[in-house]
> 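First the structure, then my questions, so here it is.
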Amino acid sequence: MHVIIVLRILSILTAFVGATMLLPIPFSLYYESSDTEALLLSSALAIGIGLLGLAFTRKKQELRPKEGFAVVTFGWIIMSAAGCLPFLISGEIPSFTDAFFETISGFTTTGATILVDIEGMSHGLMFWRCLTHWLGGMGIIVL
């Protein structure tokens, strides 16, 4: 298996998740939520890690079925790990396990939640949570 191609695609996915974290910021600013900094920091971290991974994986190779399976498996894990950062940094979901579960639930379109009062979340993070579900749905359709 060519690990470099898997790492390259995972880096692209990480940067993509970081870029999509910028979409809830206008909602956070409009509603004057306290989660703007958490979204910006999470986005910067994810984009930075993704671009760093891209810088070290310049070698282009052909994607085979083995690598495709690895990308799908590790892609959901990496995207969920990056996607749970806004919940953790803001403190809305302080436990890594709960934040990871909430994010992976969105990206896999499971619909399960650990949240008791979903409407009580800040508007930016609420939009981010909904966006993970939408991205997961689009990912399932494309996959």
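These values consider heavy atoms only, across backbone and side chains, with no hydrogens, waters or symmetry-generated copies. Predicted model, so just to flag it, every value in this text is computed and none were measured. Here, residue 1 is the first one in the sequence, and each next residue gets the next number.
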> Check whether the side chains of T132 and T103 place a donor and an acceptor atom closer than 3.5 Å, and report yes or no.
no

> Cluster question for you: counting only ILVMFWY and a side-chain heavy-atom cut-off of under 4.5 Å, with indirect links fine, are L63 and V6 together?
yes

> What's the spacing between L10 CG and I5 CD1 if we round to 0.5 Å?
10.0 Å

> Can you see which heavy atom on A46 is nearest to which on A82, and at what distance?
CB-CB, 4.3 Å

> Which residues pass the salt bridge (Lys or Arg N to Asp or Glu O under 4.0 Å) test with E102, sequence neighbours left out?
R129

> For M21, is there any backbone N or O sitting under 3.5 Å from a side-chain donor or acceptor partner on S43?
no

> In Å and rounded to the nearest 0.5 Å, what is the OG to CZ distance from S95 to F87?
13.0 Å

> If you group Ile, Leu, Val, Met, Phe, Trp and Tyr by side-chain heavy-atom gaps below 4.5 Å, do I114 and M121 land in one group?
yes

> What is the distance from atom CD1 of I104 to atom CH2 of W76, rounded to the nearest 0.5 Å?
8.5 Å

> Y31: what forms a ring pair (Phe, Tyr, Trp, His ring centres under 6.0 Å) with it, not counting sequence neighbours?
H123

> What heavy-atom pair brings G75 and L13 nearest, and what distance separates the two atoms?
CA-CD1, 4.0 Å

> Could you tell me which non-hydrogen atom of I89 sits nearest to which non-hydrogen atom of S42, and how far apart they are?
CD1-OG, 3.4 Å

> At what distance, to the nearest 0.5 angstrom, does CG of L54 lie from CD1 of I47?
11.5 Å

> Rounded to the nearest 0.5 Å, how far does SG of C130 lie from CD1 of I118?
8.5 Å

> Which pair of heavy atoms, one from P24 and one from G124, lies closest together, and at what distance?
CB-O, 3.2 Å

> Fit a plane to each ring of F107 and W128, take the angle between them on a 0 to 90° scale, and name the class: parallel (under 30°), tilted (30 to 60°) or perpendicular (over 60°).
perpendicular

> Got a second to check how far T36's OG1 is from L125's CG, nearest 0.5 Å?
9.0 Å

> Below 4.5 Å, heavy atoms only, C-beta onward: do L39 and L22 meet side chain to side chain?
no

> Quick one: does any side-chain atom of E67 pair with a main-chain N or O of H2 as donor and acceptor, under 3.5 Å?
yes

> Closest heavy-atom contact between A81 and F100?
N-CE1, 3.6 Å

> Taking a hydrophobic cluster as the set of Ile, Leu, Val, Met, Phe, Trp and Tyr residues connected by side-chain heavy atoms closer than 4.5 Å, whether directly or through intermediates, do I49 and I12 fall within one such cluster?
no

> Evaluate the side-chain proximity of L135 to F16: yes if any heavy-atom separation is below 4.5 Å, no if none is.
yes

> To check you understand the geometry: which heavy-atom pair defines the closest contact between E37 and S34, and what is its length?
OE1-O, 3.4 Å

> Is there a path of hydrophobic side-chain contacts, each under 4.5 Å between heavy atoms of I, L, V, M, F, W or Y residues, that connects W134 with V17?
yes

> Is there a chain of hydrophobic side chains (I, L, V, M, F, W, Y, each step under 4.5 Å between heavy atoms) that links F127 to Y30?
no

> Is there a side-chain contact (heavy atoms from CB on, under 4.5 Å) between M79 and T14 once you walk through the steps?
CA-CA 6 Å; M79 287 175 64; T14 305; over 6 Å; no

> Go through the side-chain N and O atoms of D35 and S90 and say whether any donor and acceptor fall under 3.5 Å apart.
no

> With side chains defined as the heavy atoms from C-beta onward, is the minimum distance between L115 and I93 less than 4.5 Å?
yes

